[in-house]
There are 2 protein chains.
Amino acid sequence: MATLSDVARRAGVSPATASRVINGSSKPVTEDLRERVLRAVAELQYVPNAHAQLLARSHRMAVGVIVHDVSDPYFAEITRGLQRVATDQGRLLTICNSYRDPDRELEYVELLRGQQVAAIILAGSGYHDATFTRLLNEKLAAYEATGGRVAVIGRHEHSGDAVMPDNRAGGRLIGAELYELGHRAIGVVAGPAVLTTTTDRLTGLRESLAAHGLSLPEHRVRHAEFDRDGGVAATAALLDADPGLTAIVALNDSMAIGALALLRSRSVPVPRQVSVMGFDDMPIARDVTPALTTVRLPLVEMGARAMSLALDPGAAAPRVEVLPAEVVRRDSTGPAPEVVPVRPRAAGSGASAG
Amino acid sequence: MATLSDVARRAGVSPATASRVINGSSKPVTEDLRERVLRAVAELQYVPNAHAQLLARSHRMAVGVIVHDVSDPYFAEITRGLQRVATDQGRLLTICNSYRDPDRELEYVELLRGQQVAAIILAGSGYHDATFTRLLNEKLAAYEATGGRVAVIGRHEHSGDAVMPDNRAGGRLIGAELYELGHRAIGVVAGPAVLTTTTDRLTGLRESLAAHGLSLPEHRVRHAEFDRDGGVAATAALLDADPGLTAIVALNDSMAIGALALLRSRSVPVPRQVSVMGFDDMPIARDVTPALTTVRLPLVEMGARAMSLALDPGAAAPRVEVLPAEVVRRDSTGPAPEVVPVRPRAAGSGASAG
DNA sequence: AGACCTCAGGCAAGCGCTTTCCTGGGCAGC
DNA sequence: GCTGCCCAGGAAAGCGCTTGCCTGAGGTCT
């Protein structure tokens with residue numbers, strides 16, 4: 001591997017001059033020398049050692065991101081937003097998948113700290129786990145104490161800058177929507193109970209149902225993995241225990257897709273017999289059949305905002321931006337069977353604010 | 001930021017000893033000192049500077065991966081395979097998205113080289129572009145000359161180790177399948193013509209149709225972006241020009257989903273009036289309606305194999321592993337209308353090897 | 001009891017780069 | 001013609017870590 005000294009030697013200059021030419025330093029270099037250096041670079045196919053540069057330079061350019069899983073569309077969208085702002089500001093992104101393992105999340109905080117990133121962004125639900133939360137906050141505090149910046153997406157446990165999707169309001173919207181359609185027997189396909197996202201959404205749903213004097217008994221809430229197969233399993237359990245359900249709420253779209261798959265396999269007509277609502281509005285939601293009614297979260301925007309917060313030197317007080325959720329009506333919901341709906345519905349699949 | 005010297009000073013030992021304790025060096029350290037060092041580490045929340053370590057150490061642990069877009073399920077699956085093998089061998093993965101921009105791909109090769117990665121893996125279609133190919137090969141050769149390892153997935157332009165999905169054979173399978181079902185008026189929803197993946201699959205399809213005396217006129221092949229919206233656009237163009245088509249082949253599943261969406265919006269029954277076949281077998285293919293008949297590629301396996309090749313010091317001769325494609329029959333294909341099918345089909349949605 | 005061996009621990013030389021500070025040559029000014 | 005200034009280029013000091021080599025204390029063998 002060619003080094004800067006090799007280049008300098010070949011060009012007949014000092015490493016200092018070579019460095020200045022290569023980095024376009026403000027210090028002027030004679031045209032003649034500049035050319036010789038550039039020729040040497042080309043001839044040797046020289047590429048600077050990024051680690052040596054980082055070690056020698058003072059300022060850090062990279063930003064670290066910890067998500068549950070980038071290949072999950074929810075995080076893919078958020079990452080798109082993060083990426084956009086980062087690229088605009090000439091920052092490099094290091095993306096880490098925790099695969100919903102809190103320990104791995106802690107490890108990644110250390111790893112990113114070791115990589116000297118300028119900021120760390122934590123995306124995705126927090127955990128109901130006091131020990132973990134304390135440990136995480138300690139590590140983040142240590143990082144911030146040495147000048148690192150931290151921003152979180154959708155986690156209340158951290159006291160710094162945050163972008164918060166309004167999960168609870170989204171849950172309320174679902175309750176209102178289904179109540180209005182006449183649904184009274186509602187089952188919930190929920191993600192792991194240990195995730196705050198799950199409980200927030202559930203709390204909102206409960207609140208709006210309670211406002212109408214309805215409660216959500218425990219046996220009508222089934223927890224499973226936050227993915228398609230979890231949705232299949234939870235829906236099956238729900239239906240087996242309670243065949244009379246007229247609506248199923250999945251606490252994210254992946255689970256909703258699983259729910260639809262199970263209902264189809266059992267030949268349950270959606271929405272004629274059972275309505276299904278999801279959460280997140282991932283891109284695929286419009287392409288399943290029936291197209292999924294869901295609660296939209298501005299995922300790309302959330303990523304963009306979080307990155308802006310992280311890169312902006314920042315006010316003294318922590319900034320918290322709450323982004324609203326809205327209902328997107330498509331074809332997977334309809335009036336509860338045997339009940340006159342409160343409000344007539346169009347058959348189309350257009351979206352509208354909730 | 002605490003440094004190793006800080007730790008050493010606080011523990012009352014030399015940096016050398018501290019380093020040995022922290023890295024679990026083979027050199028023995030007295031229990032007493034070891035404890036003091038570890039305590040100092042904890043108290044200072046010390047995390048080693050990864051760049052300094054990489055600079056000081058000789059061996060490289062990270063592996064670089066360049067894909068078109070990880071959030072595309074095709075690459076997400078491949079990445080899963082890469083990740084698995086990398087993790088097993090204690091390697092860290094740096095993932096770069098080129099977003100199908102050849103220039104960005106070149107930049108990333110340099111970037112990864114600068115990061116001193118042990119290997120670079122290029123996943124995703126190559127380009128029909130001689131200049132780019134030459135440039136890329138030059139850069140890769142320079143990297144390999146300094147001990148770097150390179151493996152590619154699905155690119156013939158590189159002469160080293162490679163994992164090749166059998167795109168051409170897959171194309172042939174599609175042709176055979178549709179011919180057998182009686183389809184004679186077939187349209188193709190294709191990705192960008194500049195991608196070798198597109199042309200390979202198309203070539204295979206043409207070959208099998210030619211074997212039956214059929215040709216594929218240019219106006220029945222529409223090129224667009226390799227995603228859902230590209231599928232919508234190309235299918236619309238296809239149908240407008242030729243309403244009598246009985247089958248549509250999409251050269252990947254994302255486009256196929258777009259095709260299904262467009263057909264639904266025009267109320268064209270699938271597969272009764274038009275059959276649709278995809279390519280890749282992404283996970284979502286089974287959850288759209290009708291479930292998508294497609295050609296399965298062992299994506300995870302491809303990633304795993306590529307990583308194995310890249311990490312295995314390697315034979316002198318380049319190793320090329322060709323992985324087979326197989327048809328997965330689901331519900332989006334059926335006999336051509338007005339034609340008695342060559343072979344009767346079951347109504348179920350089970351998958352079976354082709 | 002003396003010579004020798006063993007082994008824990010420290011010294012210091014890098015890894016490849018950036019950047020401050022210094023040097024020495026060329027020029028203008030007096 | 002001499003002093004002083006300006007400026008391009010170089011020397012060298014790190015950045016934070018690893019590791020080969022050396023040292024000196026303790027133990028062993030005769």
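Chain identifiers are assigned alphabetically (A, B, ...) following the order of the sequence lines, protein sequences preceding nucleic acid strands; residue numbering begins at 1 within each chain. As a basis for the values below, the full set of heavy atoms in this structure was taken, side chains included, without hydrogen atoms, waters or symmetry mates.
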Would one find a side-chain N or O of B:Thr30 under 4.0 angstrom from OP1 or OP2 of C:dG9?
-> yes
State which residue, out of B:Val7, B:Val21, B:Leu4, fulfils the side-chain contact (heavy atoms from CB on, under 4.5 Å) condition with B:Val41.
-> B:Val7
Starting at CZ of A:Arg36 and ending at P of D:dG10, how long is that distance when rounded to a whole Å?
-> 9 Å
Between C:dC17 (C1') and B:Gln116 (CD): distance, integer Å | 12 Å
Reckon B:Leu33 touches a base, only the sugar-phosphate, or nothing at all at heavy-atom distances under 4.0 Å?
-> sugar-phosphate
Do the side-chain N or O atoms of A:Gln53 get closer than 4.0 angstrom to the phosphate oxygens (OP1, OP2) of C:dG16?
-> no
Side-chain atoms of A:Ala56 come closest, of D:dG10, C:dT18, C:dA8, to C:dT18
According to a strict under-4.0 Å criterion, is B:Ser19 in side-chain N/O contact with OP1 or OP2 of D:dT18?
-> yes
Indicate the atoms forming the closest heavy-atom contact of B:Met1 with B:Val47, along with that distance.
-> CE-O, 4.2 Å
Here the distance between atom C1' of D:dC17 and atom CG of B:Asp6, to the nearest Å, is 13 Å
Nearest-Å distance for atom pair CG/C1', residues B:Asn49 and D:dT18 | 13 Å
Within the structure, does a side-chain N or O atom of B:Ser14 lie under 4.0 Å from either OP1 or OP2 of C:dG10?
-> yes
B:Leu4 atom CG is separated from D:dG16 atom P, nearest whole Å, by 11 Å
Is the shortest side-chain N to carboxylate O distance from A:Arg10 to A:Asp6 below 4.0 Å?
-> no
Rounded to whole Å, NE2 of A:His51 lies from P of C:dT18 at a distance of 14 Å
B:Leu122 and its side-chain contact (heavy atoms from CB on, under 4.5 Å) partner, picked from B:Val67, B:Ile153, B:Val65, B:Ile66 = B:Ile66
Whole angstrom value for the distance that separates P of D:dT23 from NZ of B:Lys27 | 13 Å
Between D:dC21 atom P and B:Arg20 atom CZ, what is the distance in whole Å?
-> 13 Å
DNA chain C nearest-nucleotide lookup for B:Ala16 and B:Leu55: closer to the 5′ end is B:Ala16
Measure from the side chain of B:Thr3, starting at C-beta and using heavy atoms only, and say which of D:dC17, C:dC17, C:dG9 lies closest.
-> D:dC17
Salt bridge A:Arg80-A:Glu77, side-chain N to carboxylate O under 4.0 Å = yes
